[in-house]
There are 2 protein chains.
Amino acid sequence: MRPREFDHDDVLRIAFDQFWRNGVRGTSLSDIARDAGLQRGSLYNAFGSKEALFLEAYERYAADYLLALQKALGAGSLRKRLTAFFDLTIMNFRSGTPPRGCPTTRGLMELGAAEGEGLDEDARKAFAGLMARITALVRDTLSAGAARGEFGGDPAAAALHIVTMTRGLAVLERAFDDEPQLRKIAAHTIDLVLGKSGR
Amino acid sequence: MRPREFDHDDVLRIAFDQFWRNGVRGTSLSDIARDAGLQRGSLYNAFGSKEALFLEAYERYAADYLLALQKALGAGSLRKRLTAFFDLTIMNFRSGTPPRGCPTTRGLMELGAAEGEGLDEDARKAFAGLMARITALVRDTLSAGAARGEFGGDPAAAALHIVTMTRGLAVLERAFDDEPQLRKIAAHTIDLVLGKSGR
DNA sequence: CCGAATATTTGACACGGTGTCAATAATTTG
DNA sequence: CAAATTATTGACACCGTGTCAAATATTCGG
(Lines give C-alpha, C1' and ligand atoms only; values in the text may rest on other atoms or scores of the structure.)
Protein backbone atom coordinates (compact mmCIF):
# COMPACT_ATOMS: atom_id res chain seq x y z
CA MET A 1 0.00 0.00 0.00
CA ARG A 2 1.00 3.54 -0.58
CA PRO A 3 1.43 5.49 2.68
CA ARG A 4 -0.25 8.81 3.46
CA GLU A 5 1.87 11.84 2.80
CA PHE A 6 0.53 13.67 5.82
CA ASP A 7 0.03 13.11 9.52
CA HIS A 8 -3.56 12.43 10.47
CA ASP A 9 -3.44 14.35 13.76
CA ASP A 10 -1.59 17.29 12.25
CA VAL A 11 -4.38 17.75 9.74
CA LEU A 12 -7.02 17.48 12.47
CA ARG A 13 -5.27 20.20 14.44
CA ILE A 14 -4.91 22.47 11.41
CA ALA A 15 -8.52 21.89 10.44
CA PHE A 16 -9.87 22.56 13.93
CA ASP A 17 -7.89 25.75 14.16
CA GLN A 18 -9.43 26.95 10.90
CA PHE A 19 -12.92 25.88 11.90
CA TRP A 20 -12.54 27.62 15.24
CA ARG A 21 -11.16 30.80 13.74
CA ASN A 22 -13.50 31.19 10.77
CA GLY A 23 -16.43 28.94 11.54
CA VAL A 24 -17.46 25.74 9.80
CA ARG A 25 -19.30 27.66 7.15
CA GLY A 26 -16.44 30.08 6.67
CA THR A 27 -13.84 27.38 6.15
CA SER A 28 -13.50 25.57 2.84
CA LEU A 29 -11.62 22.36 2.29
CA SER A 30 -9.42 24.33 -0.06
CA ASP A 31 -8.39 26.52 2.89
CA ILE A 32 -7.51 23.52 5.00
CA ALA A 33 -5.73 21.78 2.14
CA ARG A 34 -3.64 24.89 1.48
CA ASP A 35 -2.71 25.22 5.17
CA ALA A 36 -1.85 21.55 5.41
CA GLY A 37 0.05 21.56 2.13
CA LEU A 38 -2.00 18.97 0.31
CA GLN A 39 -4.79 18.59 -2.23
CA ARG A 40 -8.48 18.74 -1.54
CA GLY A 41 -8.97 15.24 -2.88
CA SER A 42 -6.65 13.81 -0.26
CA LEU A 43 -8.87 15.22 2.46
CA TYR A 44 -11.96 13.67 0.90
CA ASN A 45 -10.15 10.38 0.57
CA ALA A 46 -9.00 10.41 4.18
CA PHE A 47 -12.05 11.89 5.93
CA GLY A 48 -14.99 11.48 3.60
CA SER A 49 -16.55 14.92 3.82
CA LYS A 50 -16.15 18.33 5.33
CA GLU A 51 -18.51 17.56 8.18
CA ALA A 52 -16.86 14.24 8.93
CA LEU A 53 -13.50 16.01 9.07
CA PHE A 54 -14.99 18.61 11.39
CA LEU A 55 -16.41 15.90 13.60
CA GLU A 56 -13.06 14.09 13.95
CA ALA A 57 -11.28 17.36 14.67
CA TYR A 58 -14.00 18.26 17.16
CA GLU A 59 -13.80 15.03 19.11
CA ARG A 60 -10.03 15.20 19.22
CA TYR A 61 -10.25 18.69 20.69
CA ALA A 62 -13.03 17.75 23.10
CA ALA A 63 -10.93 15.03 24.67
CA ASP A 64 -8.12 17.49 25.43
CA TYR A 65 -10.54 20.10 26.68
CA LEU A 66 -12.20 17.68 29.06
CA LEU A 67 -8.84 16.88 30.62
CA ALA A 68 -8.10 20.56 31.12
CA LEU A 69 -11.47 21.10 32.80
CA GLN A 70 -10.89 18.13 35.05
CA LYS A 71 -7.59 19.59 36.12
CA ALA A 72 -9.15 23.00 36.82
CA LEU A 73 -11.79 21.37 38.99
CA GLY A 74 -9.28 19.34 40.95
CA ALA A 75 -7.61 21.61 43.50
CA GLY A 76 -8.49 23.90 46.38
CA SER A 77 -11.75 24.89 48.00
CA LEU A 78 -14.99 24.35 46.15
CA ARG A 79 -15.19 28.05 45.41
CA LYS A 80 -11.65 28.00 44.03
CA ARG A 81 -12.46 24.98 41.87
CA LEU A 82 -15.55 26.57 40.38
CA THR A 83 -13.70 29.82 39.83
CA ALA A 84 -10.96 27.96 37.99
CA PHE A 85 -13.63 26.17 35.94
CA PHE A 86 -15.27 29.40 34.81
CA ASP A 87 -11.89 31.05 34.27
CA LEU A 88 -10.82 28.28 31.94
CA THR A 89 -14.15 28.38 30.12
CA ILE A 90 -14.00 32.13 29.56
CA MET A 91 -10.30 32.12 28.68
CA ASN A 92 -11.14 29.53 26.07
CA PHE A 93 -13.78 31.78 24.46
CA ARG A 94 -11.41 34.71 24.48
CA SER A 95 -8.34 33.02 23.06
CA GLY A 96 -7.06 34.11 19.67
CA THR A 97 -7.04 37.49 17.95
CA PRO A 98 -9.78 38.33 17.53
CA PRO A 99 -11.34 36.02 20.14
CA ARG A 100 -12.63 32.88 18.50
CA GLY A 101 -15.61 32.15 20.74
CA CYS A 102 -16.54 28.80 22.18
CA PRO A 103 -14.97 26.02 20.11
CA THR A 104 -17.56 23.47 21.14
CA THR A 105 -20.76 25.51 20.87
CA ARG A 106 -20.21 27.40 17.63
CA GLY A 107 -19.82 24.29 15.54
CA LEU A 108 -22.96 22.75 16.95
CA MET A 109 -25.11 25.78 16.31
CA GLU A 110 -23.82 26.01 12.77
CA LEU A 111 -24.24 22.36 11.94
CA GLY A 112 -27.24 21.74 14.15
CA ALA A 113 -29.07 24.31 12.09
CA ALA A 114 -29.86 21.90 9.27
CA GLU A 115 -30.92 18.75 11.04
CA GLY A 116 -32.09 15.32 10.13
CA GLU A 117 -29.35 14.93 7.56
CA GLY A 118 -27.25 12.25 9.17
CA LEU A 119 -23.93 13.90 9.88
CA ASP A 120 -25.52 16.83 11.65
CA GLU A 121 -27.07 14.33 13.99
CA ASP A 122 -23.58 12.99 14.71
CA ALA A 123 -22.40 16.49 15.54
CA ARG A 124 -25.34 16.92 17.89
CA LYS A 125 -24.49 13.66 19.64
CA ALA A 126 -20.84 14.58 20.01
CA PHE A 127 -21.77 17.89 21.57
CA ALA A 128 -24.40 16.34 23.84
CA GLY A 129 -21.85 13.77 24.99
CA LEU A 130 -19.31 16.45 25.84
CA MET A 131 -21.89 18.46 27.76
CA ALA A 132 -22.94 15.37 29.69
CA ARG A 133 -19.35 14.61 30.61
CA ILE A 134 -18.65 18.17 31.72
CA THR A 135 -21.84 18.14 33.78
CA ALA A 136 -20.73 14.91 35.45
CA LEU A 137 -17.35 16.44 36.32
CA VAL A 138 -19.00 19.48 37.90
CA ARG A 139 -21.55 17.32 39.70
CA ASP A 140 -18.84 15.14 41.22
CA THR A 141 -16.92 18.21 42.31
CA LEU A 142 -20.04 19.59 43.99
CA SER A 143 -20.79 16.26 45.65
CA ALA A 144 -17.28 16.13 47.05
CA GLY A 145 -17.71 19.70 48.23
CA ALA A 146 -21.00 18.80 49.88
CA ALA A 147 -19.28 15.95 51.72
CA ARG A 148 -16.82 18.50 53.08
CA GLY A 149 -19.62 20.87 54.04
CA GLU A 150 -18.83 23.42 51.36
CA PHE A 151 -22.12 23.06 49.54
CA GLY A 152 -25.67 22.39 50.67
CA GLY A 153 -27.85 22.03 47.58
CA ASP A 154 -28.57 19.38 44.97
CA PRO A 155 -25.29 18.65 43.15
CA ALA A 156 -26.97 17.37 39.99
CA ALA A 157 -29.28 20.37 39.64
CA ALA A 158 -26.50 22.83 40.45
CA ALA A 159 -24.14 21.18 37.96
CA LEU A 160 -26.73 21.44 35.22
CA HIS A 161 -27.27 25.06 36.15
CA ILE A 162 -23.57 25.82 35.96
CA VAL A 163 -23.10 24.10 32.62
CA THR A 164 -26.14 25.88 31.21
CA MET A 165 -24.55 29.14 32.32
CA THR A 166 -21.34 28.31 30.46
CA ARG A 167 -23.35 27.80 27.26
CA GLY A 168 -25.14 31.08 27.84
CA LEU A 169 -21.78 32.78 28.33
CA ALA A 170 -20.60 31.27 25.06
CA VAL A 171 -23.49 32.96 23.26
CA LEU A 172 -23.23 36.30 25.05
CA GLU A 173 -19.50 36.41 24.37
CA ARG A 174 -20.29 36.50 20.64
CA ALA A 175 -22.90 39.19 21.19
CA PHE A 176 -21.12 41.59 23.48
CA ASP A 177 -17.36 41.02 23.21
CA ASP A 178 -17.12 42.21 26.83
CA GLU A 179 -14.87 39.99 28.91
CA PRO A 180 -15.28 41.79 32.25
CA GLN A 181 -19.02 41.34 32.01
CA LEU A 182 -18.59 37.62 31.35
CA ARG A 183 -16.45 37.40 34.49
CA LYS A 184 -18.99 39.28 36.54
CA ILE A 185 -21.75 36.94 35.44
CA ALA A 186 -19.59 33.94 36.31
CA ALA A 187 -18.74 35.31 39.76
CA HIS A 188 -22.40 36.03 40.42
CA THR A 189 -23.27 32.48 39.43
CA ILE A 190 -20.77 31.04 41.89
CA ASP A 191 -22.16 33.27 44.62
CA LEU A 192 -25.68 32.15 43.82
CA VAL A 193 -24.83 28.46 43.80
CA LEU A 194 -22.63 28.47 46.89
CA GLY A 195 -24.53 31.12 48.82
CA LYS A 196 -23.23 34.66 48.73
CA SER A 197 -21.44 34.44 52.09
CA GLY A 198 -18.88 32.10 50.64
CA ARG A 199 -19.42 29.86 53.65
CA MET B 1 -42.48 53.53 -11.35
CA ARG B 2 -43.40 49.94 -11.60
CA PRO B 3 -44.85 48.61 -8.33
CA ARG B 4 -43.63 45.48 -6.52
CA GLU B 5 -45.55 42.34 -7.26
CA PHE B 6 -45.25 41.07 -3.70
CA ASP B 7 -45.86 42.27 -0.16
CA HIS B 8 -42.69 43.17 1.69
CA ASP B 9 -43.85 41.87 5.07
CA ASP B 10 -45.26 38.66 3.63
CA VAL B 11 -41.86 37.84 2.18
CA LEU B 12 -40.14 38.65 5.47
CA ARG B 13 -42.48 36.27 7.29
CA ILE B 14 -42.00 33.50 4.73
CA ALA B 15 -38.24 34.00 4.82
CA PHE B 16 -38.00 33.98 8.60
CA ASP B 17 -40.07 30.83 8.80
CA GLN B 18 -37.66 29.11 6.39
CA PHE B 19 -34.59 30.41 8.19
CA TRP B 20 -35.99 29.29 11.51
CA ARG B 21 -36.96 25.86 10.27
CA ASN B 22 -33.87 25.01 8.23
CA GLY B 23 -31.23 27.44 9.44
CA VAL B 24 -29.64 30.28 7.55
CA ARG B 25 -27.15 27.96 5.96
CA GLY B 26 -29.81 25.43 5.06
CA THR B 27 -32.05 27.95 3.33
CA SER B 28 -31.30 29.16 -0.20
CA LEU B 29 -32.85 32.17 -1.83
CA SER B 30 -34.32 29.75 -4.36
CA ASP B 31 -36.25 28.12 -1.51
CA ILE B 32 -37.63 31.43 -0.32
CA ALA B 33 -38.41 32.58 -3.85
CA ARG B 34 -40.31 29.35 -4.53
CA ASP B 35 -42.32 29.67 -1.30
CA ALA B 36 -43.08 33.30 -1.97
CA GLY B 37 -43.93 32.68 -5.62
CA LEU B 38 -41.34 34.93 -7.17
CA GLN B 39 -37.91 34.95 -8.78
CA ARG B 40 -34.59 34.99 -6.98
CA GLY B 41 -33.62 38.20 -8.70
CA SER B 42 -36.56 40.04 -7.20
CA LEU B 43 -35.30 39.17 -3.74
CA TYR B 44 -31.85 40.48 -4.55
CA ASN B 45 -33.38 43.63 -5.97
CA ALA B 46 -35.57 44.20 -2.93
CA PHE B 47 -33.24 43.13 -0.12
CA GLY B 48 -29.71 43.20 -1.49
CA SER B 49 -28.39 39.90 -0.22
CA LYS B 50 -29.33 36.78 1.67
CA GLU B 51 -27.90 38.11 4.91
CA ALA B 52 -29.62 41.46 4.54
CA LEU B 53 -32.90 39.65 3.98
CA PHE B 54 -32.26 37.53 7.04
CA LEU B 55 -31.50 40.63 9.06
CA GLU B 56 -34.72 42.37 8.09
CA ALA B 57 -36.75 39.26 8.81
CA TYR B 58 -34.91 38.86 12.11
CA GLU B 59 -35.58 42.39 13.31
CA ARG B 60 -39.21 42.15 12.35
CA TYR B 61 -39.55 38.97 14.39
CA ALA B 62 -37.57 40.38 17.30
CA ALA B 63 -39.97 43.31 17.68
CA ASP B 64 -42.93 40.93 17.99
CA TYR B 65 -41.07 38.66 20.36
CA LEU B 66 -40.11 41.50 22.65
CA LEU B 67 -43.76 42.48 23.00
CA ALA B 68 -44.71 38.92 23.89
CA LEU B 69 -42.00 38.79 26.55
CA GLN B 70 -43.14 42.10 27.97
CA LYS B 71 -46.66 40.75 28.25
CA ALA B 72 -45.46 37.57 29.95
CA LEU B 73 -43.53 39.63 32.50
CA GLY B 74 -46.46 41.90 33.23
CA ALA B 75 -48.85 40.09 35.53
CA GLY B 76 -48.93 38.35 38.89
CA SER B 77 -46.33 37.77 41.57
CA LEU B 78 -42.67 38.08 40.68
CA ARG B 79 -42.37 34.30 40.71
CA LYS B 80 -45.32 34.01 38.36
CA ARG B 81 -43.84 36.59 36.03
CA LEU B 82 -40.49 34.86 35.85
CA THR B 83 -42.19 31.52 35.36
CA ALA B 84 -44.22 32.95 32.47
CA PHE B 85 -41.02 34.42 31.03
CA PHE B 86 -39.21 31.08 31.03
CA ASP B 87 -42.32 29.27 29.81
CA LEU B 88 -42.57 31.55 26.81
CA THR B 89 -38.86 31.22 26.13
CA ILE B 90 -38.94 27.44 26.20
CA MET B 91 -42.21 27.16 24.29
CA ASN B 92 -40.56 29.27 21.63
CA PHE B 93 -37.63 26.86 21.29
CA ARG B 94 -39.98 23.91 21.11
CA SER B 95 -42.45 25.24 18.58
CA GLY B 96 -42.70 23.52 15.21
CA THR B 97 -42.30 19.90 14.20
CA PRO B 98 -39.59 19.09 14.74
CA PRO B 99 -38.80 21.85 17.26
CA ARG B 100 -36.98 24.67 15.53
CA GLY B 101 -34.81 25.87 18.40
CA CYS B 102 -34.25 29.43 19.43
CA PRO B 103 -35.06 31.77 16.54
CA THR B 104 -32.82 34.52 17.82
CA THR B 105 -29.74 32.54 18.86
CA ARG B 106 -29.37 30.14 15.97
CA GLY B 107 -29.06 32.81 13.36
CA LEU B 108 -26.42 34.63 15.34
CA MET B 109 -24.26 31.58 15.88
CA GLU B 110 -24.46 30.70 12.22
CA LEU B 111 -23.72 34.16 10.93
CA GLY B 112 -21.47 35.23 13.78
CA ALA B 113 -19.18 32.41 12.79
CA ALA B 114 -17.48 34.29 9.99
CA GLU B 115 -16.89 37.71 11.44
CA GLY B 116 -15.45 40.99 10.33
CA GLU B 117 -17.27 40.85 7.04
CA GLY B 118 -19.72 43.72 7.51
CA LEU B 119 -23.13 42.13 7.42
CA ASP B 120 -22.23 39.61 10.08
CA GLU B 121 -21.39 42.52 12.29
CA ASP B 122 -24.89 43.87 11.71
CA ALA B 123 -26.36 40.53 12.76
CA ARG B 124 -24.27 40.62 15.92
CA LYS B 125 -25.49 44.11 16.72
CA ALA B 126 -29.12 43.17 16.15
CA PHE B 127 -28.78 40.22 18.49
CA ALA B 128 -26.90 42.22 21.11
CA GLY B 129 -29.61 44.87 20.99
CA LEU B 130 -32.34 42.32 21.50
CA MET B 131 -30.50 40.76 24.43
CA ALA B 132 -29.97 44.18 25.99
CA ARG B 133 -33.66 44.99 25.67
CA ILE B 134 -34.74 41.66 27.15
CA THR B 135 -32.30 42.15 30.01
CA ALA B 136 -33.77 45.59 30.65
CA LEU B 137 -37.29 44.14 30.76
CA VAL B 138 -36.26 41.50 33.27
CA ARG B 139 -34.30 44.00 35.34
CA ASP B 140 -37.28 46.35 35.57
CA THR B 141 -39.51 43.46 36.57
CA LEU B 142 -37.08 42.49 39.31
CA SER B 143 -36.76 46.09 40.49
CA ALA B 144 -40.53 46.37 40.75
CA GLY B 145 -40.56 43.07 42.62
CA ALA B 146 -37.87 44.35 44.97
CA ALA B 147 -39.98 47.43 45.69
CA ARG B 148 -42.82 45.11 46.70
CA GLY B 149 -40.48 43.03 48.84
CA GLU B 150 -40.52 40.01 46.56
CA PHE B 151 -36.83 40.13 45.74
CA GLY B 152 -33.77 41.11 47.74
CA GLY B 153 -30.75 40.92 45.42
CA ASP B 154 -29.21 43.10 42.72
CA PRO B 155 -31.79 43.39 39.91
CA ALA B 156 -29.23 44.13 37.20
CA ALA B 157 -27.01 41.18 38.08
CA ALA B 158 -29.96 38.84 38.47
CA ALA B 159 -31.44 39.95 35.14
CA LEU B 160 -28.14 39.29 33.38
CA HIS B 161 -28.00 35.90 35.05
CA ILE B 162 -31.51 35.02 33.91
CA VAL B 163 -30.93 36.11 30.33
CA THR B 164 -27.65 34.19 30.23
CA MET B 165 -29.59 31.14 31.37
CA THR B 166 -32.09 31.52 28.54
CA ARG B 167 -29.20 31.51 26.04
CA GLY B 168 -27.76 28.43 27.69
CA LEU B 169 -31.16 26.76 27.46
CA ALA B 170 -31.28 27.65 23.76
CA VAL B 171 -28.03 25.75 23.23
CA LEU B 172 -28.90 22.77 25.41
CA GLU B 173 -32.26 22.44 23.69
CA ARG B 174 -30.42 21.69 20.46
CA ALA B 175 -28.16 19.22 22.21
CA PHE B 176 -30.63 17.21 24.26
CA ASP B 177 -34.11 17.63 22.80
CA ASP B 178 -35.44 17.09 26.34
CA GLU B 179 -38.13 19.59 27.22
CA PRO B 180 -38.78 18.43 30.82
CA GLN B 181 -35.11 18.93 31.60
CA LEU B 182 -35.23 22.46 30.22
CA ARG B 183 -38.20 23.19 32.47
CA LYS B 184 -36.41 21.76 35.49
CA ILE B 185 -33.39 23.95 34.86
CA ALA B 186 -35.64 26.99 34.50
CA ALA B 187 -37.51 26.23 37.74
CA HIS B 188 -34.23 25.74 39.56
CA THR B 189 -33.00 29.08 38.27
CA ILE B 190 -36.06 30.88 39.59
CA ASP B 191 -35.60 29.19 42.96
CA LEU B 192 -31.99 30.25 43.05
CA VAL B 193 -32.68 33.87 42.13
CA LEU B 194 -35.70 34.35 44.39
CA GLY B 195 -34.51 32.15 47.21
CA LYS B 196 -35.83 28.62 47.41
CA SER B 197 -38.54 29.42 49.96
CA GLY B 198 -40.44 31.45 47.40
CA ARG B 199 -40.69 34.18 50.00
C1' DC C 1 -54.41 59.76 -24.48
C1' DC C 2 -49.54 59.21 -25.31
C1' DG C 3 -44.72 59.07 -24.31
C1' DA C 4 -40.88 59.59 -21.03
C1' DA C 5 -39.09 58.23 -16.85
C1' DT C 6 -38.39 54.89 -13.46
C1' DA C 7 -38.36 50.82 -10.98
C1' DT C 8 -39.19 45.74 -11.23
C1' DT C 9 -38.73 41.44 -13.22
C1' DT C 10 -36.34 38.07 -15.88
C1' DG C 11 -32.76 35.13 -17.57
C1' DA C 12 -27.95 34.49 -18.54
C1' DC C 13 -23.62 34.57 -16.62
C1' DA C 14 -19.38 34.29 -13.48
C1' DC C 15 -17.55 32.51 -9.40
C1' DG C 16 -16.60 29.52 -5.58
C1' DG C 17 -17.65 25.56 -2.76
C1' DT C 18 -18.75 20.42 -2.18
C1' DG C 19 -18.32 16.03 -3.69
C1' DT C 20 -17.32 12.18 -7.36
C1' DC C 21 -14.56 9.65 -10.43
C1' DA C 22 -11.13 7.68 -13.41
C1' DA C 23 -6.36 7.87 -14.28
C1' DT C 24 -1.85 8.08 -12.32
C1' DA C 25 1.76 7.34 -8.92
C1' DA C 26 4.04 5.29 -4.94
C1' DT C 27 4.71 1.78 -1.69
C1' DT C 28 4.56 -3.04 0.34
C1' DT C 29 4.24 -7.80 0.00
C1' DG C 30 4.73 -12.26 -2.20
C1' DC D 1 10.81 -7.94 -9.56
C1' DA D 2 5.81 -8.04 -10.33
C1' DA D 3 1.19 -7.67 -8.41
C1' DA D 4 -1.80 -5.65 -5.42
C1' DT D 5 -3.31 -1.96 -2.86
C1' DT D 6 -3.83 2.53 -1.49
C1' DA D 7 -2.94 7.61 -2.03
C1' DT D 8 -2.82 11.47 -5.04
C1' DT D 9 -4.18 14.24 -8.84
C1' DG D 10 -7.03 16.78 -11.97
C1' DA D 11 -11.28 17.07 -14.48
C1' DC D 12 -16.01 17.21 -13.98
C1' DA D 13 -21.00 17.91 -12.33
C1' DC D 14 -23.90 20.29 -9.37
C1' DC D 15 -25.69 23.88 -6.44
C1' DG D 16 -25.72 28.37 -4.21
C1' DT D 17 -24.65 33.43 -4.22
C1' DG D 18 -24.45 37.54 -6.51
C1' DT D 19 -24.21 40.66 -10.90
C1' DC D 20 -25.82 42.54 -15.01
C1' DA D 21 -28.20 43.98 -19.15
C1' DA D 22 -32.44 43.46 -21.46
C1' DA D 23 -37.31 43.31 -21.20
C1' DT D 24 -41.50 44.71 -18.87
C1' DA D 25 -44.99 47.24 -16.33
C1' DT D 26 -46.57 51.25 -14.15
C1' DT D 27 -46.89 56.30 -13.10
C1' DC D 28 -46.64 61.01 -14.20
C1' DG D 29 -46.31 65.14 -17.24
C1' DG D 30 -47.73 67.19 -21.35
Side-chain angles (χ1 to χ4, degrees), chain A residues 1-12 14-16 18-19 21-58 107 110-123, chain B residues 1-12 14-16 18-19 21-58 107 110-123:
Chain A
M1 315 186 273
R2 177 174 177 179
R4 293 248 163 89
E5 294 181 357
F6 58 88
D7 181 83
H8 197 80
D9 263 32
D10 282 353
V11 171
L12 289 184
I14 290 169
F16 193 77
Q18 286 267 347
F19 285 133
R21 198 177 304 280
N22 302 320
V24 177
R25 186 187 177 220
T27 302
S28 73
L29 285 200
S30 306
D31 295 334
I32 296 168
R34 185 173 9 83
D35 265 37
L38 30 92
Q39 303 281 351
R40 226 162 37 88
S42 297
L43 292 175
Y44 280 102
N45 177 60
F47 300 99
S49 70
K50 178 180 174 175
E51 291 187 12
L53 168 57
F54 171 74
L55 215 63
E56 263 201 63
Y58 183 92
E110 286 190 78
L111 292 180
E115 310 159 70
E117 308 289 322
L119 266 177
D120 296 343
E121 178 62 15
D122 290 345
Chain B
M1 312 186 274
R2 179 175 176 177
R4 293 250 163 89
E5 293 180 359
F6 58 89
D7 181 83
H8 196 80
D9 262 33
D10 282 353
V11 171
L12 288 184
I14 290 170
F16 193 76
Q18 286 267 348
F19 284 134
R21 197 178 305 282
N22 302 319
V24 177
R25 190 187 172 218
T27 302
S28 73
L29 286 200
S30 306
D31 295 334
I32 295 168
R34 185 173 8 79
D35 266 36
L38 30 91
Q39 303 280 351
R40 225 161 39 87
S42 297
L43 292 176
Y44 279 102
N45 177 59
F47 299 99
S49 71
K50 178 179 176 177
E51 291 188 10
L53 169 57
F54 171 76
L55 215 63
E56 262 201 62
Y58 182 92
E110 288 189 76
L111 292 180
E115 312 159 70
E117 306 290 321
L119 266 176
D120 296 343
E121 178 63 15
D122 290 345

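Distance CZ (R34(A)) to P (dG16(C)): 13 Å, rounded to an integer number of Å.
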Which donor-acceptor pairs under 3.5 Å do the side chains of residues 28-38 of chain B make with protein atoms, sequence neighbours left out?
residue, atom, partner, partner atom, Å
S28(B), OG, S30(B), N, 3.3
S28(B), OG, D31(B), N, 3.2
S28(B), OG, D31(B), OD2, 3.3
D31(B), OD1, R34(B), NH2, 2.8
D31(B), OD2, S28(B), N, 3.1
D35(B), OD2, Q18(B), NE2, 2.9

Side chains of residues 2-12 of chain A: which donor-acceptor pairs under 3.5 Å do they make with residues two or more places apart or in other chains?
residue, atom, partner, partner atom, Å
R2(A), NH2, E5(A), OE2, 3.1
D7(A), OD2, D9(A), N, 3.1
D7(A), OD2, D10(A), N, 2.9
H8(A), NE2, E56(A), OE1, 2.8
D9(A), OD2, R60(A), NE, 3.2
D10(A), OD1, R13(A), NH2, 3.3

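The minimum heavy-atom distance linking V24(A) with G107(A) is given by the pair CG2-CA, 4.2 Å.
By the 4.5 Å heavy-atom criterion applied to side chains, L111(B) and R25(A) are counted as neighbours.
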Report task. Take nucleotides 6-19 of chain D nucleotide by nucleotide from the 5' end and write B, S or -, depending on whether a protein heavy atom sits under 4.0 Å from the base, only from the sugar-phosphate, or from neither. Result -> BBBBS-----SBBB
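The ring pair (Phe, Tyr, Trp, His ring centres under 6.0 Å) test applied to Y58(B) returns F54(B), not counting sequence neighbours.
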